[in-house]
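In this text, all values refer to a predicted model and were calculated from it rather than measured experimentally. Throughout, protein chains are lettered first and strands after them, A, B, ... in sequence-line order, and every chain is numbered starting at 1. Heavy atoms only: backbone and side chains are in, while hydrogens, waters and symmetry mates are out.
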Number of protein chains: 2
Amino acid sequence: MHVLLVEDDSTLADGISRILKSHGMAVDVVDNGSDADSILQHAEIAVMILDIGLPGIDGFEVVRRLRARGSHLPVLLLTARDAIQDRVHGLELGADDYLVKPFATPELVARLKALVRRSNPKPVEWRVGGLSLDTFTKRVRINDQPVELSVREWAVLEYLIQQASRVVSKQQIIDAILPWGEELTLNAVEVYVSRIRLKISGAGVVIRTIRGFGYMLEKEVP
Amino acid sequence: MHVLLVEDDSTLADGISRILKSHGMAVDVVDNGSDADSILQHAEIAVMILDIGLPGIDGFEVVRRLRARGSHLPVLLLTARDAIQDRVHGLELGADDYLVKPFATPELVARLKALVRRSNPKPVEWRVGGLSLDTFTKRVRINDQPVELSVREWAVLEYLIQQASRVVSKQQIIDAILPWGEELTLNAVEVYVSRIRLKISGAGVVIRTIRGFGYMLEKEVP
DNA sequence: GCAAACATGACATGAAGCTGACAAAATCCT
DNA sequence: AGGATTTTGTCAGCTTCATGTCATGTTTGC
C-alpha cells in the first residue's frame with residue numbers, strides 16, 4: 001500500500017515515515033503542494049496524509065485539485081491544534097478525516113487503516129467462463145465445484161483474472177503479488193502458473209503462454 | 001432526537017444547548033457524571049455529548065458504565081486540546097468520536113449527525129446453525145443450552161458471526177474487537193479461536209481456518 | 001536442429017497455525 | 001480493602017503444509 005505523505009517539517013516527516021514503514025506501508029514523502037499534485041497524477045497512491053500548512057500551493061489547494069480531477073482518494077489532514085477553521089474548511093473541500101497535531105502514533109495508524117478500508121470496497125466476484133473467484137470466501141470455483149488454492153496461487157489467479165485477455169509479464173505478476181521491494185525468480189511465476197493450471201483444468205479457461213512476453217488468461221477456444 | 005449533554009461549564013453548556021436546539025434536537029443537560037449515569041438508565045437518549053473533565057464521576061467512568069451495561073449508545077467526547085491521552089483512553093472505553101475544545105459549531109453538529117446516522121441499531125440476535133448470540137443479554141446458546149464466554153471470546157465470536165461465510169483476517173478481527181490504535185499479536189487471535197472452538201463444539205457451526213487468509217464461520221458440512 | 005524459453009517433479013526450508021502452560025491483569029466476592 | 005478467581009495475552013514446542021529453488025525434461029521459434 002502506497003502512502004503519500006505531504007509534510008514540510010522534515011523531522012516530523014521522517015518520524016511518520018518510519019512509523020508507517022514499520023507497519024508495512026510504502027511511503028512517498030514530498031514537502032510541498034506542487035510536488036504532491038504532480039505525484040498524485042502519475043503514481044498509484046492508496047491514501048494521502050496532508051499537512052495543511054505548506055509553502056506555495058497549500059494543502060487546501062491540493063485537495064481541491066484532487067477532487068476537481070474526480071479522484072476519491074482518501075485524504076487525512078494534519079492540522080495545528082488551534083486551526084478549527086482549517087479542519088472545517090478541509091472537510092468541506094473533501095478531505096475524509098483529520099488529525100490534530102500532536103497526535104499519538106497508534107491513532108495515526110488506526111485512522112489510516114480505517115480510511116483505506118472504508119474507501120476500498122472490492123468487487124465481490126470475478127468470473128470468466130466456468131471459473132469464478134469469490135473475494136469474500138477466498139474460494140475458487142470451477143462450475144460451482146470448490147477448489148482450494150494457496151495464498152500465492154490465489155494472488156496470481158486474481159491478478160490474471162483481473163487482467164483477463166491481456167498479456168501480463170512475469171515481472172508484472174511479481175510486482176502485483178509481492179509487497180514492495182521483495183523479489184522473486186521469474187521461474188517462481190512459472191511454477192505458480194503450473195500449479196494453478198493443474199487446479200483449474202476443466203474450467204472453460206486457460207492460462208496461455210505468450211512466449212517471450214508472459215501469460216494471458218482467457219476463455220478456452222477448442 | 002434526544003441529546004444528553006454532560007458539561008459542567010454552564011456557559012459552554014448553554015451555548016451548545018442553544019445550537020443543538022436550533023437544529024431541532026431536544027437537549028437534556030446535566031453537569032455531573034452521576035446524574036448522567038442515572039438519566040442514561042431511565043430515559044430514551046439517542047446520543048450523548050460528554051465532557052471528560054467532570055467533578056465526581058468523570059466522563060470515562062460514565063462511558064465505562066454505559067458500555068458495561070451493554071449499551072451501544074453513540075458517545076461524542078469533548079476533550080481539552082492537549083489531552084491526547086484522554087482521547088485515546090476515551091475511545092478505548094468505547095466512545096465513538098471526540099471533539100477537541102474549542103470547536104466550531106458546524107463541526108459539532110456535523111459530527112453529531114454522522115454519529116447518529118452511523119449507529120444503526122444491530123439486530124438483537126444472531127443465529128447460524130445451532131448457535132445463537134443475543135447481543136442484548138450477551139448470552140450465547142448452543143441448541144438452547146447456555147454457554148459461558150469471556151468478553152474477548154464474545155467479541156470475536158460476534159464479529160465472526162456477523163461476517164459469517166466470509167473470510168476475515170486475523171488483523172481484521174483485531175481491528176474489530178480492539179479500541180482504536182491498540183495492537184495485539186496475531187497469535188492472540190489464534191488463541192481466541194482455539195478457545196472458542198472448544199466452547200462451541202457441537203453447535204452445527206465451525207470456524208474454518210483458511211490458511212494464509214484467516215478464519216471463516218460457517219455451517220458445518222458433514 | 002539448436003538455443004532459449006518454459007514446464008514440472010522433487011525437495012529443504014520455514015511460514016502459518018494450534019494449543020498447553022504461565023504470568024500479569026482484571027474482576028469478583030466477601 | 002484484600003484475597004480468590006477468572007480472564008487475557010504471550011510464549012514455546014510442535015505439526016502441517018505452502019513456498020521457492022533446482023534439476024531436468026519439454027516446447028517453441030528461428
Open item on the list: Base contacts versus sugar-phosphate-only contacts with protein, heavy atoms under 4.0 Å: please encode nucleotides 19-30 of chain D as B, S and - from 5' to 3'.
Closed with: BBBB----BBS-

- [ ] Would you mind reporting whether B:Met48 and B:Val62 have side-chain heavy atoms less than 4.5 Å apart?
- [x] yes

TODO: Tell me, with the steps shown, if A:Leu73 and A:Leu40 meet side chain to side chain contact (heavy atoms under 4.5 Å, CB included).
DONE: CA-CA 9 Å; A:Leu73 181 81; A:Leu40 286 171; 3.6 Å; yes

Open item on the list: Check A:Lys138 with A:Glu153, please: is the shortest side-chain N to carboxylate O separation under 4.0 Å?
Closed with: no

- [ ] Mark yes or no for whether A:Gln172, through its side chain, and A:Ser169, through its backbone, hold a donor-acceptor pair below 3.5 Å.
- [x] yes

Open item on the list: Just so I know, are the side chains of B:Ile196 and B:Ile207 near enough to count as touching, which here means a heavy-atom distance under 4.5 Å?
Closed with: yes

TODO: Using only heavy-atom distances, determine whether the side chains of B:Glu190 and B:Asn187 contain a donor-acceptor pair under 3.5 Å.
DONE: yes

TODO: Anything under 4.0 Å to a heavy atom of chain B counts; send over the first and last such nucleotide of DNA chain C, read 5' to 3'.
DONE: C:dA16 to C:dA21

TODO: Could you say whether B:Gly214 or A:Gly214 is positioned toward the 5' end of DNA chain C, judged by the nucleotide with the nearest heavy atom to each?
DONE: A:Gly214

TODO: Identify the heavy atoms of A:Val27 and A:Leu20 that sit nearest to each other, and give their distance.
DONE: CG2-CB, 3.6 Å

Task: For A:Trp154 against A:Asp134, the heavy-atom pair lying closest together - done: CH2-O, 3.3 Å

Open item on the list: Do B:Leu50 and B:Leu78 make a side-chain contact, defined as non-hydrogen atoms from C-beta onward lying under 4.5 Å apart?
Closed with: no

Task: Length of the CD1-C1' vector between B:Ile210 and D:dC17, whole Å - done: 15 Å

TODO: Using only heavy-atom distances, determine whether the side chains of B:Ser165 and B:Arg208 contain a donor-acceptor pair under 3.5 Å.
DONE: no

Task: For atom CD of B:Glu190 and atom P of D:dG13, their distance in whole Å - done: 17 Å

Task: Bend angle of the helix from C:dG1-D:dC30 to C:dT30-D:dA1, from helix axes over five pairs at each end, nearest 10° - done: 40°

